[in-house]
Protein chains: 2
Amino acid sequence: MALTIDWRLYVLIDTGILGERQPLDVARAALRGGATVLQLRAKTWLVGEQVAVAQALLPLTQAQGVPLIINDHADIALAIGADGVHLGVDDLPVALARSIMPRGLIGYSPEGAADAARAVSEGADYLGVGPFATTATKLDAGTAIGATGIAEIVQAVPVPVIAVGGLGQHNAADAIAAGAAGIVVASAVTSAADPAATTRQLRSIVSEARTAKERA
Amino acid sequence: MALTIDWRLYVLIDTGILGERQPLDVARAALRGGATVLQLRAKTWLVGEQVAVAQALLPLTQAQGVPLIINDHADIALAIGADGVHLGVDDLPVALARSIMPRGLIGYSPEGAADAARAVSEGADYLGVGPFATTATKLDAGTAIGATGIAEIVQAVPVPVIAVGGLGQHNAADAIAAGAAGIVVASAVTSAADPAATTRQLRSIVSEARTAKERA
């Protein structure tokens with residue numbers, strides 16, 4: 001399944017940074033703007049609340065042929081029929097997630113190249129690698145790794161690497177030039193004055209950078 | 001599967017109230033004392049940490065033929081091969097949990113008789129009903145329902161009802177007399193001076209109360 005996914009513009013709907021905005025409204029705008037993947041991340045929400053919003057999101061993403069990924073909760077992803085789950089080092093180990101989710105997408109946020117290679121060997125379909133630049137979304141995300149850090153992981157693993165953290169119009173092309181298959185954006189889209197327009201611009205930047213990279 | 005479970009003494013290993021004690025040590029003592037079901041509840045732990053301790057617990061419970069139930073996380077239960085999951089009103093809905101866990105035990109903590117009946121119709125194998133008495137373990141558990149509250153739910157559903165909350169040597173027999181198939185104990189065992197001995201006493205009290213109830 002992973003081979004057929006368009007990773008260019010992965011929009012993270014993080015309920016912790018939406019302010020007054022509703023996750024479904026932001027998702028609709030992102031889909032309208034051409035988001036190619038959507039993730040729901042609602043760390044502080046009760047599981048029942050996450051289920052309800054994920055169930056409402058799914059028909060929207062399916063209508064656009066866009067994968068819906070659930071942060072952390074493989075059980076929610078399985079139960080609602082989402083396309084996958086995104087895991088971190090403190091979550092369900094990738095190998096175990098793969099054992100209960102033989103067909104779903106499994107994303108992983110590695111801590112370094114060795115951890116990245118291990119996760120892929122255990123069944124991760126893609127990696128979210130960062131932070132590319134400093135970010136206000138995830139204050140515990142660590143030091144920015146930049147283009148060099150992306151390139152290092154791209155060399156280390158055979159799966160798509162999606163750059164994450166502090167990405168926006170100003171540096172999206174740099175992440176793609178470093179070898180990323182796409183970028184994860186959170187606040188750049190969800191806090192934008194016009195989330196749909198910003199999504200559209202970002203997707204265009206990423207597409208052009210990929211074309212340039214392929215020609216190079 | 002539910003029909004073959006011995007629900008008499010369901011020991012809840014709640015990491016929030018273990019103090020200096022280790023979950024595995026308490027579990028070993030409870031199993032030595034004759035616990036018939038074990039639940040791991042580690043609300044504040046990272047999922048990865050919960051997985052590690054659950055994986056260590058499983059061979060201990062399996063050696064005694066005792067079901068291991070995981071609180072909240074159906075994905076952990078599925079991934080490690082635990083016997084089931086225990087859910088509350090804010091968790092994964094019972095029907096969805098049943099859809100991803102066709103064979104595992106599903107427990108549910110209902111809010112009233114109508115909610116109890118709904119959960120059973122959606123696939124719950126047993127109900128944890130309480131609080132039987134006031135409890136320090138779960139401060140948000142609400143007003144004690146006592147023997148009357150237990151009897152009401154027992155009448156309303158065809159699955160085993162396990163009384164929970166504020167139970168110990170002094171009132172275990174009352175819960176059984178009201179129709180409970182067993183009792184859930186947390187601090188009564190895990191904070192006891194001798195958890196194994198206390199488990200043994202509680203199991204004996206429950207067994208005698210069941211015999212008396214069957215004769216009556």
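In the text below, chain A, chain B and the rest are named by the order of the sequence lines, each starting its count at 1. Hydrogens, waters and symmetry mates are skipped; everything else that's a heavy atom, side chains included, is used.
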Top contributor to chain B contacts, counting heavy-atom pairs under 4.5 Å, from A:Ile100, A:Val51, A:Val89, A:Ile80:
A:Ile100
In residues 110-122 of chain A, what donor-acceptor pairs under 3.5 Å come from side-chain atoms, sequence neighbours left out?
from: A:Asp115; atom 1: OD1; to: A:Tyr108; atom 2: OH; distance (Å): 3.2
from: A:Asp115; atom 1: OD1; to: A:Arg118; atom 2: NE; distance (Å): 3.3
from: A:Asp115; atom 1: OD1; to: A:Arg118; atom 2: NH2; distance (Å): 2.5
from: A:Asp115; atom 1: OD2; to: A:Tyr108; atom 2: OH; distance (Å): 2.8
from: A:Asp115; atom 1: OD2; to: A:Glu111; atom 2: N; distance (Å): 2.8
from: A:Arg118; atom 1: NH1; to: A:Glu122; atom 2: OE1; distance (Å): 3.1
from: A:Arg118; atom 1: NH1; to: A:Glu122; atom 2: OE2; distance (Å): 3.0
from: A:Arg118; atom 1: NH2; to: A:Tyr108; atom 2: OH; distance (Å): 3.2
from: A:Ser121; atom 1: OG; to: A:Arg118; atom 2: O; distance (Å): 2.7
from: A:Glu122; atom 1: OE1; to: A:Ala95; atom 2: N; distance (Å): 3.1

On a heavy-atom basis, which atom in A:Leu96 and which in B:Gln55 lie closest, and how many Å separate them?
CD1-NE2, 3.7 Å
Heavy-atom closest contact (A:Leu92 atom, B:Ala79 atom, distance)
CD1-CB, 4.0 Å
Checking B:Leu46 against chain A: side chain, backbone, both or neither under 4.5 Å from a heavy atom?
both
Atom pair CD1 (A:Ile76) and NE2 (B:His73), whose distance is rounded to the nearest 0.5 Å:
10.0 Å
Rounded distance [0.5 Å steps], CG in A:Asp75 versus CG in B:Leu78:
8.0 Å
